[in-house]
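One structure is given below, encoded as structure tokens.
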Amino acid sequence: MTMQNSKRLFDCIEVAIQDFPRDDMFAAKEENGVWKKYSTNEVKEIVDKLAAGLIHLGMSAHDMTIESRDKIAVMSNNRPEWLFLDLAVQKTGAILVPLYPTLSLHELEFVLNDAAVKLVFVSDKDLFEKVQSIRSKLPTVQAVFTFNDIQPSLHWKEILNKPNADDFIALNNASAKIGYEDLATIIYTSGTTGVPKGVMLSHKNILSNVISSSPVFNDFIEKNDRALSFLPLNHIFERMVSYIYLFNGVSIYYAESIEKIGENLKEVKRSVFTTVPRLLEKVYERIMGKGQELTGIKKKLFFWAIDIASRFDISKNQGFFYNTQLAIANKLVLSKWREGLGGNIRAIIIGSAACQVKLLRVFTAAKIAVMEGYGLTETSPVISVNRFSPKERVFGTVGPVIQGVQVRIAEDGEICAKGDNIMMGYYKRPDLTAEVIDSEGYFHTGDIGTFIDNKFLKITDRKKEIFKTSGGKYVAPQPIENKMKENKYIEQMMVVGADRKFASALIVPSFLNLKQWAADHNITYSAMEDLIRNPKVLELFKNILEEYNPLFNHVEQVKKFALLPQEWSINSGEMTPKLSLKRKVITEKFKEVIDKMYD
């Protein structure tokens, strides 16, 4: 069996045993800071025992209709057990429902009841208690298992000892019934507004995307390569990429935490990882913070190298003088970036939101290819992606459309996609499905875009995020925000102005850089609230806006702004799990601040 003739996602285990047997199919630090490795044969044994154990507990597909198939939820950090459960549930014919650990209790209750979930698997004590706190409101949930061994909860390994010979026979029969067109998972998307929607993805949806996206990875990964996984597996991007790794003989090592990514990259020595722009921004900010700590000639050299890198252009040769400068910058400064990312990193694949072009320039200049791509949960997810070859990469675009996907731009500029990767629909919501998939089978993404050189897809904004001023002029906030966030003093930004006379902005400063600026200008303050109200600080940001405003037409220029003392985050409610802005939430939360700008 090969990836190309596989019909189910769990066929990756047979492909791995046949073509890529190895002693570290999965690896994670389970105790004492030592990597615990699972061989290909161990993975197969665990998955089969877990699947048979689930059948012993009564989990099954019944008559294979979507409603009759049992639902099993998982809410956990990335770890081998996540994939063990995923593959085991698939083999039983039941349906896995991944949940973000950051879901509010209200959202968690809604999803578990909407999907009529019977079993819940969580990683740790906090998540176990989170589910238990609403257990009385979950009539279908029969049991909650934990991946960590926590008393008095049920431990997942208990299931491995339950199956008998009849359960394994039933498992083989259940697996044989599962076909290419059958539902594989339901992923609830919270999005930026509204009630969570369950996106139904079949084996065909995801597997077609795995096959079409694999050539992109094969340009820079090799057999027996290792991958580090840290983007949430709840998100279809990291999950689909995990199947790419499994079908192509790449080991998956699970990062201990976001904070330890740099350390884990050095240990794993991988050549690629996937991320979202916000995390890449954090990496860049950390590097810039270390640069600020330097003194004398080292500091001047550091920022000289950054200046050279920020002028890098992948599409043209800037001549002998610039290339010589870049080579020196790489040798003396930028090479240390690669060392900080494990020393073996060749490419970073990025998705879920627009990435600042400045970051693309700087990392690429440092010989780390940042390949920005595009897709949605509903498209399994990849629609387009920039390739490893410089000729197939254009900064500011999301690259060429992948094989097997068709894209057309509607009259109003909306990007519409068609292919085997388009979802089956929204669970229990045929009305919402009909709103986004037209009679020709095209999925309407809600994103506005265009093609550059008839090849490279460029996202210009979200259709629903474009607003109209009281003067009847349209403003697309994302391009303004992304451009202005290139300034080192702007961490986060949201442009507002719907039904107002002009555009304004809420700005979260880069506190690291702002504190350094304040120290350089002998400004004292007792709290961040005092610093952002300081007249000199307000003048700094006024000048920054005046520097960028001429890049936009008159109606798009930010006339007023308000500085905020705390970063927006998932926990405080302003960001989605994919680290996109919840614009409606931010607008409501800071209504008084916004109103004051227009008084």
Side-chain angles (χ1 to χ4, degrees), residues 215-220 271-272 275 277 280-281 283-284 287-288 291 301-338 341 345-351 353-374 383-402 407 409 415 448-461 476 478-488 547-548 550-553:
V216 178
F217 283 77
N218 290 337
D219 285 341
F220 48 82
S271 61
V272 62
T275 189
L280 193 64
E281 288 169 9
V283 171
Y284 180 72
I287 292 170
M288 294 300 287
L301 186 61
F302 177 88
F303 284 100
W304 170 81
I306 295 294
D307 180 61
I308 295 294
S310 63
R311 289 189 274 128
F312 181 80
D313 192 335
I314 196 169
S315 59
K316 68 179 181 181
N317 188 329
Q318 298 190 59
F320 175 78
F321 183 62
Y322 176 81
N323 292 338
T324 302
Q325 287 182 308
L326 181 59
I328 295 170
N330 248 303
K331 185 173 181 62
L332 298 179
V333 177
L334 304 179
S335 59
K336 293 180 174 61
W337 293 28
R338 296 191 295 278
L341 291 171
I345 199 74
R346 297 182 69 201
I348 298 172
I349 297 183
I350 197 162
C355 184
Q356 297 175 36
V357 173
K358 181 180 180 179
L359 295 187
L360 300 175
R361 293 186 193 280
V362 171
F363 278 92
T364 307
K367 299 183 180 179
I368 302 168
V370 180
M371 300 157 57
E372 189 172 8
Y374 167 67
I383 291 175
S384 66
V385 62
N386 280 285
R387 310 302 203 262
F388 187 69
S389 168
K391 293 180 181 179
E392 298 288 305
R393 217 175 334 142
V394 172
F395 294 155
T397 77
V398 290
V401 175
I402 64 170
V407 168
I409 308 297
I415 298 166
I448 304 295
T450 186
F451 278 102
I452 305 297
D453 298 331
N454 294 315
K455 181 177 181 179
F456 297 91
L457 185 61
K458 181 179 177 66
I459 314 298
T460 55
D461 218 284
Q478 275 196 5
I480 305 167
E481 294 158 0
N482 290 334
K483 188 64 184 174
M484 292 192 178
K485 282 197 301 180
E486 290 181 7
N487 187 279
K488 68 178 183 179
E547 175 189 343
Y548 284 97
L551 300 175
F552 303 97
N553 67 47

**Message:** If I compare all heavy atoms of Ser310 with all of Lys358, which pair ends up nearest, and what's the gap?
**Reply:** CB-CE, 4.4 Å

**Worked verdict on Phe302 versus Ile287 for side-chain contact (heavy atoms from CB on, under 4.5 Å)** = CA-CA 10 Å; Phe302 177 88; Ile287 292 170; 4.0 Å; yes

**Greater than 12 external heavy atoms within 6.0 Å of Asp453's CG** = no

**Asked** Closest heavy-atom contact between Arg393 and Phe456?
**Response** N-CE2, 3.8 Å

**Message:** Please report the interatomic distance CD1(Ile350) to CE(Met371), rounded to the nearest 0.5 Å.
**Reply:** 11.5 Å

**Fill in**
One should read off an interatomic distance between Lys458 NZ and Ile448 CD1, to the nearest 0.5 angstrom, of 14.0 Å

**Asked** Looking only at heavy atoms, what is the nearest atom pair of Ile348 and Leu280, with distance?
**Response** CD1-CD1, 3.9 Å

**Request:** Output all residues satisfying side-chain hydrogen bond (donor to acceptor under 3.5 Å, both in side chains) with Thr324, sequence neighbours left out; order by chain, then residue number.
**Result:** none

**Closest non-hydrogen atom pair between Asn386 and Gly399, with its separation** = ND2-N, 3.3 Å

**Complete:** Sequence neighbours excluded, the answer for ring pair (Phe, Tyr, Trp, His ring centres under 6.0 Å) partners of Phe395 is none

**Asked** CG/Leu334 to NZ/Lys367 distance, rounded to the nearest 0.5 angstrom?
**Response** 9.5 Å

**Asked** Under the side-chain hydrogen bond (donor to acceptor under 3.5 Å, both in side chains) test, which residues partner Arg311, sequence neighbours left out?
**Response** Asp307

**Item:** Euclidean distance, Leu457 CG relative to Ile415 CD1, rounded to 0.5 Å
**Value:** 4.5 Å

**Prompt:** Under the 6.0 Å and 45° cation-pi test, does Lys488 pair with Phe303?
**Reply:** yes

**Prompt:** Which heavy atom in Trp337 sits nearest to a heavy atom in Val362, and how many Å separate them?
**Reply:** CH2-CG1, 3.0 Å

**Message:** Keeping Gln325 on the side-chain end and Ile308 on the backbone end, is there a donor-acceptor pair under 3.5 Å?
**Reply:** no

**Request:** Measure the shortest side-chain to side-chain distance between Ile306 and Tyr284 over non-hydrogen atoms and say whether it is less than 4.5 angstrom.
**Result:** yes

**Complete:** So CD of Glu547 and CG of Asn487: to nearest 0.5 Å the spacing works out to 6.5 Å

**Asked** Is a side-chain N or O of Lys336 found less than 3.5 angstrom from the main chain of Leu332, in a donor-acceptor match?
**Response** yes

**Request:** May I ask you to test the Ser389-Asp219 pair for a side-chain heavy-atom distance under 4.5 Å?
**Result:** no

**Stepwise side-chain contact (heavy atoms from CB on, under 4.5 Å) test for Val385 and Phe217** = CA-CA 11 Å; Val385 62; Phe217 283 77; over 6 Å; no

**Request:** Would you indicate whether the side-chain heavy atoms of Arg338 and Phe363 approach each other to under 4.5 Å?
**Result:** no

**Request:** Any chance you could measure Arg361, atom CZ, to Ile314, atom CD1, to the nearest 0.5 Å?
**Result:** 10.0 Å

**Request:** Please name the pair of heavy atoms, one in Gln356 and one in Asn482, separated by the smallest distance, quoted to 0.1 Å.
**Result:** CG-O, 3.9 Å

**Prompt:** Do Ile383 and Val407 pass the side-chain contact (heavy atoms from CB on, under 4.5 Å) test, and can you show the C-alpha distance, the side-chain angles, and the key distance before you say yes or no?
**Reply:** CA-CA 8 Å; Ile383 291 175; Val407 168; 3.6 Å; yes

